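In this text the structure is predicted, and so the values were computed from the model without any measurement. Labels below follow one simple rule: chain letters A, B, ... track the order of the sequence lines, proteins then strands, and each chain is numbered from 1.
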Amino acid sequence: MNEKITRRQAIGQMMAAGAAVAVSGSLLESCTSGSKSATHVAQFETSAPEGTKVITRTWEGLGEISLLGLGCMRLPRENGGRLIDQEQVNTMVDYALAHGINYFDTAPAYGQSEEAMGIALSRHPRESYFLATKMSNFAFGPNSIATLEAAKTMFETSLSRLKTDYIDFMLLHSIGSEKDFSGRFADNGVLDYLFSLKEQGIIKHIGFSYHGPDKFLAEMLAKPYKWEFVQIQMNYADWKKIADDSGDDESTKASSSGQYQMLAEKGIPVVIMEPIKGGTLANVNDALKDRLAARYPQLSPAGCALTFAASYPSVMCTLSGMSNMEQLQENIATFTDFKAFGEADNAFMMEMADLYNSNKHVPCTACAYCMPCPNGVNIPGNFKVYNTTSDELNIPDPQNPDKDYKKKKKILLARYKKDLVDGTRADACTKCNVCLEKCPQHIRIPDQLQMIKDLIDSL
Amino acid sequence: MGNTPKEPLQSRRHFLSSLLEAGLSAPATWAKSKLEAAQGVPGEAHRQTAVAPPGAISHDHLNSLCDGCGLCIKDCPTKVLKPSTSEYPLPAIAQPVLDFSRGWCDYDCTACSQSCPRGAIQPLDIDTKQSTQIGLAQLVKSLCINSSDAPACTICRDVCPASAIKMRDDYSTPLITIEGSAPRRRVFPEIEAILCIGCGLCEFRCPSQPAKAIHVEGLKIHEEN
């Protein structure tokens, strides 16, 4: 990670100072010429008017926060490999700040994300952005890191990686059950520790991210702690029911609407994760895409998803895990000329949700918390092959073969065989179940892999 | 040129000059196409790697076993096969090579593999043929009609027998707004390498002038999907 002051960096700082420089695609290209990131920059000017910034909302005690935030779990990689492409992260962060994005959400659990964000953001004045990170003390198995000592180390490491001495928004990472909350935060003194940091001004605001049933969220809100914000999964497809996470009875039901409404009623600002459901709502099938484009010609499918989520008034920030400049530019365009959805739009989006959910999906958001699988299965890869094929309506049905059966079989088998390397396909799953508790979507992973294997075998 | 009758002297001159032209034009055309290839401009001879018929297994396999009998070329129903000149390394000459300016490799055809008496093109059943990747289609966006504001062209996607092409919305450019029409997203074809078998129907049918926007690059060693 190259920190020498370059012409590139100097220009980046100029942009961050809010200079009214028209950031056209060609200017960026000359800034990054010669670097790998040049290939990721748009060739044309985007539809975002020059020099404009994304819409913000102001919250008492919290500040003026951009309605679009950068989620830092899916940062760009070098050559599609494992190392984060620091130059591209720097370019994206500079561009984001120049366009008024001031909320950045990372976590220790996101690999090298905190470090990359520390490098990128520390090139800008600290007061120009809000940093959100998390206490990712997941207590899985015998190597549990749920002790107070481990939490202190984790927090101090976060500060050092982020190159800062305070955190604006600290989240308890991925709460879902009483056992989880008590074990990781209440019973071991970690939550008290975080509140003491708040008293010292090292943490400004405490909240939590949530993956669980609506009922337990109500219980969390009833506890005697001041939660200043809560992060939930919210998108139009999950509005009525968060697939796979949700059971059918009151104690297991999970829905974006249920969770949002609870928070709105209590006046707690909401940070949204998965507004595009891990990117799946950006790549919807043609039927759905045409319907969205007919009604919202100015918006991409991702733009429709973001607008739906962000229009709700209690939303403080909508996090998008943008992985390249095009996505960043596209989303900024949606939020610079933000046209909030009303009731009629929401009703329409519910129709679109039904259309989306009528296709069988494995509700994987490619977060990769399940990886690495001890048996080498490429879990998100298998689900992606299935979901992409399902969205195209290309899943072959050997019981009721239609006229396109041969074509569909060919497509699915080609992808299964070639998109996935030997040894990583669904048939390598041994049902060891190590992945089960890690999935924030509560996907019954071994069962779903079995479903895919059975389908392939039956063709 | 009009139909003005020429005087005998002028018409003989005309005849001689057109003869000269024909004599000169062949090398000139060849030179032009090589120049285009060198500049990276897709033209008639832009293909960098030749495309061998399915069943040939690999260029080496074909080149070592083919004796140039020409039966496959004779039997090819779409006339995509032609005798090679410099497409394969010397001394291979007059061996079957696909030229998508002449035709395409039909999805339901195995004629050449059935006619080869030498095993240079192995016989294939239709399922194997449809899984044999002889090349990969590539797009040059700047040559694609979709780079202009003309109505969207989806011909390559429409004709692809392997469903290997999808139209992708391009969000890096603004909506196309033309007086009298609703604003629309620019779209470009996106080729899924895993599904493309290099049959060349996309290239054959691409209406772009003077150069095809989509063309097939051959695989020296054929693959299976």
Side-chain angles (χ1 to χ4, degrees), chain A residues 24-26 28-29 39-49 282-286 289-290 292-303 324-334 337 385 388-389 391-394 404 406-420, chain B residues 107-108 125-133 136 139-144 146-149 152 154 157-178 181-199 219 222-225:
Chain A
S24 73
S26 58
L28 274 174
E29 201 166 356
T39 55
H40 299 290
V41 174
Q43 299 290 320
F44 303 94
E45 287 193 31
T46 66
S47 35
N283 296 314
V284 291
N285 64 38
D286 284 349
K289 185 166 73 84
D290 290 343
L292 288 171
R295 191 180 167 114
Y296 306 112
Q298 301 283 352
L299 290 175
S300 60
N324 56 55
M325 277 303 292
E326 278 96 339
Q327 290 174 354
L328 180 59
Q329 287 167 324
E330 188 189 318
N331 292 352
I332 286 174
T334 303
D337 193 18
V385 165
T388 309
T389 314
D391 268 337
E392 294 164 354
L393 307 180
N394 274 334
D404 291 325
K406 196 176 159 201
K407 175 189 89 159
K408 291 178 182 179
K409 172 179 166 179
K410 186 173 226 346
I411 289 174
L412 181 59
L413 285 177
R415 287 174 177 162
Y416 185 71
K417 212 169 81 173
K418 291 198 122 187
D419 266 330
L420 301 165
Chain B
Y107 198 62
D108 297 313
D125 61 54
I126 193 64
D127 284 334
T128 310
K129 184 265 168 61
Q130 291 174 350
S131 304
T132 302
Q133 297 171 301
L136 179 61
L139 177 76
V140 178
K141 265 191 182 180
S142 57
L143 296 175
C144 180
N146 292 303
S147 289
S148 73
D149 288 351
T154 60
R157 187 275 308 267
D158 296 342
V159 301
C160 174
S163 307
I165 301 184
K166 275 184 168 147
M167 300 308 292
R168 272 256 181 261
D169 286 2
D170 181 11
Y171 296 108
S172 65
T173 56
L175 291 178
I176 299 169
T177 43
I178 293 177
S181 317
R184 65 173 186 90
R185 250 329 137 189
R186 197 174 297 277
V187 289
F188 285 105
E190 183 185 81
I191 300 141
E192 189 171 345
I194 282 168
L195 296 178
C196 174
I197 58 171
C199 76
L219 286 170
H222 292 177
E223 292 178 16
E224 250 190 72
N225 74 6

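Around NZ of A:Lys409, the count of heavy atoms belonging to other residues, nucleotides or ligands within 6.0 Å does not exceed 12.
Within the model, atoms NZ of A:Lys418 and CD of B:Glu192 stand 11.5 Å from one another, a figure rounded to the nearest 0.5 Å. We find the NZ-CG distance between B:Lys166 and A:Asn285 to be 9.5 Å, quoted to the nearest 0.5 Å. Going from atom CD1 of B:Ile194 over to atom CG of A:Asp419 covers 3.0 Å, rounded to the nearest 0.5 Å.
Interface residue B:Arg168: only side-chain heavy atoms are found under 4.5 Å from chain A. A:Gln327 does not touch chain B: none of its heavy atoms, backbone or side chain, sits under 4.5 Å away.
Here A:Lys410 does not pair with B:Asp127 in a salt bridge; the nearest charged N to carboxylate O distance is not below 4.0 Å.
When all heavy atoms of A:Pro297 and B:Leu175 are compared, the pair lying nearest together is O-CD1, 3.3 Å.
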Taking it one step at a time, do A:Arg415 and B:Leu195 satisfy side chain to side chain contact (heavy atoms under 4.5 Å, CB included)?
-> CA-CA 8 Å; A:Arg415 287 174 177 162; B:Leu195 296 178; 4.0 Å; yes

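Under the 4.5 Å side-chain criterion, counting only non-hydrogen atoms from C-beta, A:Ser300 is not in contact with B:Asp169.
Residues B:Gln130 and A:Lys407 bring no donor and acceptor atom of their side chains to less than 3.5 Å of each other.
Ranking B:Ala162, B:Ser131, B:Ala193 against chain A, the residue ahead of the rest is B:Ser131, based on heavy-atom pairs under 4.5 Å.
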